[in-house]
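It should be emphasised that the depicted structure is a prediction, and the values quoted were computed from it without experimental measurement. Letters A, B, ... are given to chains in the order of the sequence lines, protein chains preceding strands, and every chain is numbered from 1.
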Amino acid sequence: LQLRYTDGSKWRFLEHKGPVFAPPYEPLPDKVKFYYDGKPMKLSAPAEEVTTFFSKMLDHEYTTKDIFRKNFFKDWRKEMTSEEKSKITDLNKCNFSEMSEYFKTQSEARKQMSKEEKQKIKEENERLLQEYGFCIMDNHKERIGNFRIEPPGLFRGRGDHPKMGMLKRRIRPEDIIINCSKDSKQPKPPPGTKWKEVRHDNKVTWLASWTENIQGSIKYIMLNPSSRIKGEKDWQKYETARRLKKCVDRIRTQYRDDWKSKEMRIRQRAVALYFIDKLALRAGNEKEEGETADTVGCCSLRVEHIKLYPKMDDQEYVVEFDFLGKDSIRYYNKIPVEKRVFKNLQLFLENKQPEDDLFDRLNTSILNKHLQELMDGLTAKVFRTYNASITLQQQLKELTCPDDSVPAKILSYNRANRAVAILCNHQRAPPKTFEKSMQNLQTKIDEKQNQLSAARKQLKAAKADRKASRDEKSKKIEEQLMKLQVQATDREENKQIALGTSKLNYLDPRISVAWCKKFGIPIEKIYNKTQREKFAWAIDMAEKDYEF
DNA sequence: GCATCGACTTGTCACGATATCT
DNA sequence: AGATATCGTGACAAGTCGATGC
């Protein structure tokens, strides 16, 4: 594994144009009124801007939630003049409906714009992209990931977030730290403004940063996944996972052994690691209570998140998991475990309340320090990468039939991908139009079937003569029918599964590239343009016999 | 130790662009 | 051509994990 620099520096030269700021606020036309307690009221520009954020969200259920309304109102009041503050004291007396209607009309008008107008906007976007969307890092022109600063608005967050509704404030040049090389042409702040700071730190990869006001965390402008710097890191990640492959047997033997340890902390560590390995759970850092939604990973599991069943149906020692993970996505699973694990879990639960930690002698820092001793560079998340990639490889081996048609092989590929997505709990809400789209597909299949039987009848009728051409025809229809059926199967199986995240973040792309080469599948069938750019390094590198 | 910070990866979703259907 | 379904992309939130400071 050969990286560009070995001294921890990430680049030698970095030049860019700085970020693009959100457009300034445009006050509402006077005819669009806000009403308080039934009476029209003209607001100061800062207070008015905040109401526009709220009125654009009125159709969303969350604007009815207490926390959202409370947070919004509190932050809105901060933007009011003292006069406004004394008048506006109750959100329930606020009427935003004219504003809401106005924005609906506006967005309708945007949809109805002429081709020329739309084209003009497109060109302006393209111009911005060309000017601000690229940088020079070392000797290469690279695409920047997010060169636009996030506009102000109301924070939503995911799940049951205690800060939902808070005002995400506007970011100004004075908030921005620029990072570039000393010998580069420095980006200019907009006229009449200054950057917070310009620094030259080549130990980091970001071009600009600012502190966000909801959680107080830092946000960055970084390069696109197609860039050298991201690609190298990605490659490195999969190489670490491949090193785990070489020693995973040893590690498994060890943690099974540790289930018998005299020390509680070691047993807990060993059981947690077993879950991380077997179920691909995330590490589970501690979170500050009240700052974020209540979600957990492995190390932060609480007693209330698991149930133990000594017997369930025809299985023994079943553990039922039910908790909210990252992004408040529910993880629900029932799995039989080994007797020793089960007995350990019973022990961990003794004398605890539902809200107590399951692994009270363990956290991610302890776990990762242990893993580091087992293998250089090993952390909890490497298990997810390793298990995802090895599963894809195994499933592809198992499911691909060399004699299948291309669409059938791609179904196999998607099924292998699906196995991984299920392992990693990458779910999605079934698309709103799912049932209908399945019906449409079925209609097409029926039609195709009718076509086929008609063609076959014709063939029979004209058997003796001109056989060849008719035979070709039914063959073609058969092929189309098969393609439709494969499509239907794939869609049905994918109803609640999201393949994107695993494809982008967990599956060593060289496995997929090798599979394509081995079975003569064009790479475009597996990766779209963006994905091909991200995985260019793998497409270059992997041959048909690549083994993860 | 442990709390916090900083840098980076991973995650979902909405929306506009594009393909396909009528 | 216009309507509708599907896809791709960007937005931006939420994780992981090592470093830092007490």
**OP:** Decide salt bridge (charged side-chain N to carboxylate O under 4.0 Å, His left out) for A:R418 and A:D490; before the verdict, give the C-alpha distance in whole Å, the side-chain angles of both, and the deciding distance to 0.1 Å.
**Re:** CA-CA 10 Å; A:R418 212 136 42 225; A:D490 203 13; 2.8 Å; yes
Can [X] and [Y] be counted as having a side-chain donor-acceptor contact under 3.5 angstrom?
X      : Y      : value
A:S512 : A:Y413 : yes
A:Q268 : A:D360 : yes
A:E232 : A:Q236 : no

Applying a 4.0 Å non-hydrogen cut-off, can you work out what [X] is touching in the nucleic acid: base, sugar-phosphate, or nothing?
X      : result
A:A380 : sugar-phosphate
A:Y506 : sugar-phosphate
A:R158 : base
A:T205 : sugar-phosphate
A:K381 : sugar-phosphate
A:N528 : sugar-phosphate
A:R384 : sugar-phosphate
A:G216 : nothing
A:R143 : sugar-phosphate

Please report the distance, rounded to the nearest Å, between [atom1] in [X] and [atom2] in [N].
X      : N      : atom1 : atom2 : result
A:E288 : C:dA14 : CD    : P     : 14 Å
A:I218 : B:dC8  : CD1   : P     : 11 Å
A:K219 : B:dC5  : NZ    : P     : 17 Å
A:E533 : C:dG10 : CD    : P     : 10 Å
A:D234 : B:dC8  : CG    : P     : 15 Å
A:N505 : C:dA14 : CG    : C1'   : 13 Å
A:K503 : C:dG8  : NZ    : P     : 9 Å
A:E212 : C:dG15 : CD    : P     : 14 Å

**OP:** Kindly state whether the ring of A:F54 and the ring of A:F72 have centres lying under 6.0 angstrom apart.
**Re:** yes
Reckon [X] has a side-chain N or O less than 4.0 Å from the OP1 or OP2 of [N]?
X      : N      : answer
A:R491 : C:dT6  : yes
A:T379 : C:dT16 : no
A:K287 : C:dG15 : yes

Where the side chain of [X] is concerned, which of [options] is the nearest nucleotide?
X      : options                : answer
A:A283 : C:dA13, C:dC17, B:dT18 : C:dC17
A:K168 : C:dC12, C:dG8, C:dT16  : C:dC12
A:T501 : B:dC8, C:dC12, B:dG11  : B:dG11
A:R148 : C:dA11, C:dC17, B:dG6  : C:dA11
A:M222 : B:dA7, B:dG11, C:dG10  : B:dA7
A:N368 : B:dA7, C:dG18, C:dA14  : C:dG18
A:H161 : C:dG15, B:dG11, C:dA14 : C:dA14
A:H426 : C:dG10, C:dC12, B:dT12 : B:dT12
A:R282 : B:dG6, C:dG15, C:dA14  : C:dG15
A:P151 : C:dA14, B:dT18, C:dC12 : C:dC12

Original post:
A:E150 or A:T364: which one's nearest nucleotide on DNA chain C is closer to the 5' end?
Top reply: A:E150
Original post:
Hey, which of these two, A:Q372 or A:T295, hits DNA chain C nearer its 5' end, going by closest nucleotide?
Top reply: A:T295
Original post:
Would you say the base of B:dT9 and the side-chain of A:K237 have a donor-acceptor pair closer than 3.5 Å?
Top reply: no
Subject >> DNA chain B: 5'-proximal contact among A:Q427 and A:K10 (nearest heavy atom) >> reply: A:K10
Original post:
Starting at the 5' end of DNA chain B and moving along, which residue's nearest nucleotide shows up first, A:I329 or A:V204?
Top reply: A:V204
Subject >> Contact summary for A:R330 and A:N425, nearest pair of heavy atoms >> reply: O-ND2, 3.1 Å
**OP:** May I ask you to test the A:L14-A:S184 pair for a side-chain heavy-atom distance under 4.5 Å?
**Re:** no
Subject >> Verdict with reasoning, A:K17 to A:E131, per salt bridge (charged side-chain N to carboxylate O under 4.0 Å, His left out) >> reply: CA-CA 7 Å; A:K17 291 286 205 100; A:E131 180 165 3; 3.5 Å; yes
